[in-house]
Amino acid sequence: MRAADLIAFNLRLIERQRLRSALLLSAIAISVMAINLLTGIGEGGKQFVLGEFNLLGKNVLIMLPGKKETTGAIPPLTGEATRDITLRDAEAIARLGNVSAVAPLIAGKMEISHGTLSREAFTIGSNRAFFEIRQLEVAHGKALPQLPFEQSQAVCAIGSKLRKELFGTKPALGQWLRAGDSRFRVVGILKDKGEGLGFDMNEAIIVPVANAQALFNQEGLFRVFIELRSLDGLQKTQQRILALLKERHEGEEDVTIITQDSLLSAFENILNTLTLAVAGIAGISMLVAGILIMNVSLIAVSQRTREIGLLKALGCPARTVALIFLSEASIMALNGALLGILISELLLYVARGFYPTIPFTTPFWAQFGSALIATITALLFAAIPAQKAANMTPVDALLDKKAGQA
Amino acid sequence: MTGPHTMIELQQLCRSFQIGDQCVHALDHIDLQIKRGEYLSVMGPSGSGKSTLLNMLGLLDMPSAGEYLLNKTATSQLGEEGRATLRREHIGFVFQSYHLIPRLTARENIELPLILAGIAPKQRKPLIDEVITRLALTDRAAHAPNQLSGGQRQRVATGRAIIMKPQLLLADEPTGNLDSASGREVIELLEELNDEGITLLVVTHDQNIGDRARRKLKMIDGRIASDSVTNSVATSTAL
């Protein structure tokens, strides 16, 4: 039997049994769609989170107070300090060879007001280097001035949303605003950038770190970002920083340094597991579709027993009979898979429209894999009925009295 | 015993079925020779083994014992694939219940054996056209089986049986579902084909149909009770 004739023969059958075909097609389409949608969402989420961390360069170390023994899980993001990291510690680190920049960080919520308008905003105390390390761009004005760590100056940079909320349509640059007991002059307005590491920079205010110490009445630093000149000496530099801090903290190693890589790999592990779990759930729906295919094929075999008998009487070999059933199943599976992929792409396109910051895309392996799995599932589950049909003796199949007469 | 024109030879052929504890001998040591171009009818009461004999000759069933030689090929040696090839190339079937595929048109039903044999569409067309014209089905060719009368359906089934130009045409109660006019029409068509050289074997209940054949087999309890040739001219030409 020629391939074109085989396809034509099956298409006739599929067309004739519209309802049955539509049900089967939608079952396959839904399971393929589930795989694609779920991996698409999983991948989108993963890319989003990884993108967030990538805002920091690879050559940036993050130091936090406190030492925690970790067992390969996420590094401690909230360390319990036995001893504060001071600005002088940060200065000492900045003098190390491979270190190109150091940005100390103190952060908290603070009531910010201008005239009669006031609101609570995320207040960051840091320095000029912070802008570079966090890749913050200034839309108007300029970044914080280059100052020695311990020198305070009453200037600030604010996020675009905070600017709008406090100043409305009026110009903000050069204006004074009040934070707690202090007054700051606005020297820069940040470019709209969205969230980074969970901080919404659009709603933040950045002041010199020494001012923040006074504002929060706190000497210890919350974080220190350390930018290295090159990645080569990363391990060594990390050791040197730890040694330096140990020396400065009377022989006690009470800080934790995390690297971009350790953070990323920890998150990537979690997210990969999540994507796989989600794909597994979708796989179950594929199994359900497979069993449906088998049931439908078994019913088809028993309904078409007389036809099978006829085909055999006409000299159709057993393998052609099996091929007819298998090819019908794979035509359904391929079309169902295609439909499923199209629908999932459409839905992800709509989702990207609603959440432009999250890159919802199904990776190629998921699309290809789901179509492949659908086809293999269809073939596997159709194999038993097909074999059953092929193995019937012609006379038994012809004499089947269950089917109606044509 | 076996002449040069012998097409079919059954040697001590048996077919038995196990029904419960009982062993039913549907065919009980049958010896039979059929020459090319013969016209046989097989009659006998229900359960006498007529249909089993036809299925056996059509290679649709396997003997329990004995041998069936088709064109001197021992068929018991063949596997299902080999038997399928013989069926495809040498044997046409006409069934009582037509066995047409309902979703295919009359033309497509006739075309089916050519499709299964893997013949190219270009070569198929003239063959089908010829058969359709021959069977006077030209204006019914595009109809589905359920839009055709019983006689027309059986003509379509006959067209399908002869499209591969078989040597042997086996008809199992071909008129069983038809009124007498349609039945006569169908049997005359089969006889015409026999006149053109095809070997025809008709299994029937109908004495009038059975009597038309030149050679009449009567079966009782799985044995051939009588084998009579009425027309000596036919036998002599066959010899």
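Quantities reported herein were computed from a predicted structural model and do not represent experimental measurements. Proteins come first, then strands; the chains are lettered A, B, ... in the order of their sequence lines, and each starts at number 1.
For a heavy-atom cut-off of 4.5 Å, chain B lies close to Pro317(A), Ala318(A), Arg319(A) in residues 317-334 of chain A. For residues 4-32 of chain A, a heavy-atom distance under 4.5 Å to chain B picks out Asp5(A), Phe9(A), Arg12(A), Leu13(A), Arg16(A), given by residue number. Below 4.5 Å, heavy atoms of chain A meet no heavy atom from residues 13-23 of chain B. Within residues 369-394 of chain A, the residues approaching chain B closer than 4.5 Å by heavy atoms are, in numerical order, Pro394(A).
Side-chain contact between Leu398(A) and Phe93(B): absent, with no pair of heavy atoms (C-beta onward) separated by less than 4.5 Å. Inter-residue side-chain proximity for Leu314(A) and Arg160(B) is flagged as met; some heavy-atom pair is nearer than 4.5 Å. Within the 4.5 Å cutoff, the side chain of Leu311(A) has heavy atoms near those of the Leu112(B) side chain.
More than 12 heavy atoms of other residues, nucleotides or ligands lie within 6.0 Å of CG in Asn71(B), so this atom counts as buried by the packing criterion.
One distance of note links CZ of Arg306(A) with CG of Leu100(B); it measures 10.0 Å at 0.5 Å rounding. With rounding to the nearest 0.5 Å, the separation of CG in Leu310(A) from OH in Tyr98(B) is 15.0 Å. Taking CZ of Arg103(B) as the reference point, atom CD of Glu307(A) lies at 4.0 Å (rounded to 0.5 Å).
Between chain A and the residues Glu80(B), Arg88(B), Glu108(B), the most heavy-atom pairs under 4.5 angstrom are made by Arg88(B). Options Thr52(B), Leu59(B), Leu60(B) differ in how many heavy-atom pairs under 4.5 Å they form with chain A, and the most are formed by Leu60(B). Here Ala84(B) is the residue among Pro121(B), Ser51(B), Ala84(B) with the most heavy-atom pairs under 4.5 Å with chain A. Between chain B and the residues Cys316(A), Ala397(A), Ala313(A), the largest count of heavy-atom pairs under 4.5 Å involves Ala313(A).
Looking at Leu104(B), both its backbone and its side chain come within 4.5 Å of chain A, counting heavy atoms on both sides. Heavy atoms of Ala120(B) lying under 4.5 Å from chain A belong to its backbone as well as its side chain.
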